[in-house]
**Q** 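A single structure is presented below for examination.
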Amino acid sequence: MDAHEVNRMRATLGFFVADVFASVPRKDQRAKGDCYLRGLMLDGRRKSIQAMASRLADGNEQNLQQFVNQSTWDPVPVQRRICERMLPLVAPEAWVIDDVSVPKDGQMSVAVAPQYCGALGKRANCQVAVSVHAASDTASCPLQWRLFLPEDWAFDRDRRARTRIPTEVTHREKWRLALDMLDTLAEWGMKAPAVVADAAYGTNAHLRAALQERRLAYVLAIRADVTAYPFDTKPEAPARKGTVGCWPQPRYRHRAPSVAALVAGLERTDFTTLTWRQGSRGELRSRFAAVRVRPAGKAVERPIRATASAEQGWWDGVLPDCWLLTEWPEDAEAPTEYWLSNLPADTPITDLVALAKVRWRIEHDYRELKHGLGLDHFEGRSWPGWHHHITLVTAAHAFLTEQRLAPKVPGPASPSTKSSTPSRTL
């Protein structure tokens with residue numbers, strides 16, 4: 001946006017800031033929030049505080065540095081109010097779990113470490129943030145962020161003290177951070193209509209089990225080597241030897257094949273050509289098949305066996321079934337994508353495909369957040385500073401999304417909401 005466009009929207013932005021930053025106690029802090037948002041939205045390749053202050057008529061670098069890096073305002077109520085405004089507007093079909101990496105030099109920026117960096121496509125020094133987005137086919141918005149703290153940082157007292165990491169924050173796997181965010185949103189009265197994620201998350205059986213335990217529907221991408229039994233495969237109990245001891249419990253007698261091997265046994269007629277959306281170059285079409293399978297593996301079996309033993313002392317050995325969705329493009333030699341879903345057995349394949357493909361909207365989020373709004377331009381090093389910056393970037397994205405979807409959306413008087421679209425309860 002150029003300066004003229006920003007000035008034209010100053011009144012609307014003022015109402016937005018007054019509502020979203022109502023929890024920030026001081027008027028001068030809210031004014032700095034307004035200024036920071038304008039700096040993020042103004043044209044300019046760099047969105048560091050110094051660069052933004054130089055472009056703003058009322059920009060004061062020292063004031064903005066203090067507001068982001070030293071001020072103690074709590075970003076959590078701001079994040080909650082953004083969610084309350086955006087969920088009814090976006091009307092999401094799903095919530096998408098994803099992560100984003102930001103290359104960084106040195107060792108003192110909070111949570112930086114040598115790790116896989118998606119932005120560079122290789123292992124590099126970077127920060128990684130896990131996020132949850134509300135997404136429909138027409139719009140999307142970030143709902144929550146968690147900065148991933150590598151193991152090296154967990155017990156490094158010096159770096160933790162320098163970057164002001166709270167005592168209770170420790171290393172947690174990315175999939176656990178995703179669950180933490182879903183739980184936080186649930187505490188706010190917000191529930192996902194369905195959860196979608198790429199194979200880095202969907203392949204994890206612990207995450208799938210945790211979503212099932214929370215009664216959340218999911219359509220999760222998986223790797224081709226994930227194992228599953230065909231739906232009609234039954235466990236068998238070996239014959240009892242002798243007359244003493246426990247009766248043998250049923251179990252599957254053969255090793256479960258990979259989903260790639262299962263799909264290789266399907267006929268060409270099992271695949272249906274479907275269009276899932278209109279792209280910039282025409283309809284996006286491919287061939288899909290959906291079959292019921294029983295995901296296997298120790299990570300799947302152990303919690304089921306433990307629960308059954310605790311409740312009834314015996315397990316019949318039958319693994320839960322779910323959908324295996326496969327994409328096999330016409331011009332490909334083999335299937336290219338696989339998903340598991342716990343949606344009901346009568347779910348149409350068109351619904352499965354629509355949810356599996358809704359992740360494309362998140363790429364729009366990241367492009368605007370990174371290249372347009374300076375998500376990865378933060379030059380501070382502290383934990384509070386990072387969370388202040390990411391909250392302000394999310395607020396700027398929310399404001400622009402509101403203008404695109406509903407230019408006349410009310411300001412402070414807009415009603416809060418505690419829920420999104422009706423959830424798919426299992």
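Note that the numbering runs from 1 along the sequence shown for the chain.
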**Q** Return yes when atom CZ of R164 has more than 12 non-hydrogen atoms of other residues, nucleotides or ligands closer than 6.0 Å, and no otherwise.
**A** yes

**Q** Answer yes or no: are there more than 12 heavy-atom neighbours, outside E151 itself, under 6.0 Å from its atom CD?
**A** no

**Q** State which residues pass side chain to side chain contact (heavy atoms under 4.5 Å, CB included) with S48; sequence neighbours excluded, sorted by chain then number.
**A** R46, Q50, A51, E379

**Q** Test salt bridge (Lys or Arg N to Asp or Glu O under 4.0 Å) on R404 and E368 and set out the steps.
**A** CA-CA 13 Å; R404 285 191 291 262; E368 183 171 32; 3.1 Å; yes

**Q** Salt bridge between D180 and R172, side-chain N to carboxylate O under 4.0 Å?
**A** yes

**Q** Determine, stepwise, if the pair F231 / L324 fulfils side-chain contact (heavy atoms from CB on, under 4.5 Å).
**A** CA-CA 10 Å; F231 174 77; L324 168 62; over 6 Å; no

**Q** Given side chains that start at C-beta, do those of Y201 and V130 come closer than 4.5 Å, heavy atoms only?
**A** yes

**Q** Could you tell me whether E327 and R285 have a side-chain N and a carboxylate O separated by less than 4.0 Å?
**A** no

**Q** With a 4.5 Å heavy-atom cut-off, do L143 and C141 have their side chains touching?
**A** yes

**Q** State the CH2-CZ distance between W175 and R208, to the nearest 0.5 angstrom.
**A** 11.5 Å

**Q** Which atoms form the tightest heavy-atom contact between N125 and A113, and what is the distance?
**A** OD1-C, 3.4 Å

**Q** Any pair with a residue in residues 101-118 that passes salt bridge (Lys or Arg N to Asp or Glu O under 4.0 Å), sequence neighbours left out, goes on the list, sorted by first then second residue, please.
**A** none

**Q** Using a strict cut-off of less than 4.0 Å between a Lys/Arg side-chain nitrogen and an Asp/Glu carboxylate oxygen, indicate whether D34 and R30 qualify as a salt bridge.
**A** no

**Q** Could you pull out the closest heavy-atom pair between T233 and R294, with the gap in Å?
**A** O-NE, 4.1 Å

**Q** State whether a side-chain donor-acceptor pair under 3.5 Å links Y36 with H389.
**A** yes

**Q** Find the distance between CG (L207) and CG (L220) and round it off to the nearest 0.5 Å.
**A** 6.0 Å

**Q** Can you classify the ring geometry of H133 versus Y366 as parallel (below 30°), tilted (30 to 60°) or perpendicular (above 60°)?
**A** perpendicular

**Q** Let me confirm one number: the CG-CG distance from L216 to N342, rounded to the nearest 0.5 Å.
**A** 8.5 Å

**Q** I'd like to know if the side chain of R160 reaches the main chain of D156, judged simply by a donor and an acceptor atom lying under 3.5 Å from each other, with no hydrogens or angles considered.
**A** no

**Q** Indicate the ring-plane relationship of W276 and F288, choosing parallel, tilted or perpendicular according to the 30° and 60° boundaries.
**A** perpendicular

**Q** Please determine whether salt bridge (Lys or Arg N to Asp or Glu O under 4.0 Å) holds for the pair K370 and E363, giving the CA-CA distance in whole Å, both sets of side-chain angles, and the decisive distance to 0.1 Å.
**A** CA-CA 10 Å; K370 294 180 75 171; E363 300 307 319; over 6 Å; no

**Q** Of all heavy-atom pairs between L149 and H171, which one has the smallest distance, and what is that distance?
**A** O-ND1, 2.8 Å

**Q** Name the orientation class of the two ring planes belonging to H387 and W383 (parallel below 30°, tilted from 30 to 60°, perpendicular beyond 60°).
**A** tilted

**Q** Show your reasoning for whether side-chain contact (heavy atoms from CB on, under 4.5 Å) applies to T227 and V300.
**A** CA-CA 10 Å; T227 58; V300 176; over 6 Å; no

**Q** Before accepting this row, confirm whether a basic side-chain N of the pair R159/D152 lies closer than 4.0 Å to the acidic partner's carboxylate O.
**A** no

**Q** Check this for me, if you would: do R361 and E93 make a salt bridge, where the nitrogen-to-carboxylate-oxygen distance has to be below 4.0 angstrom?
**A** no

**Q** Determine, for W328 and R287, whether the Lys NZ or Arg CZ falls below 6.0 Å from the six-membered ring centre while staying within 45 degrees of the axis.
**A** yes

**Q** Counting only heavy atoms from other residues, nucleotides and ligands, does the tally under 6.0 Å from CD of E173 exceed 12?
**A** yes

**Q** Using a strict threshold of under 4.0 Å (side-chain N to carboxylate O), is an ion pair present between E84 and R80?
**A** yes

**Q** Using side chain to side chain contact (heavy atoms under 4.5 Å, CB included) as the criterion, point out the one residue from V169, D99, T184 that pairs with R146.
**A** T184

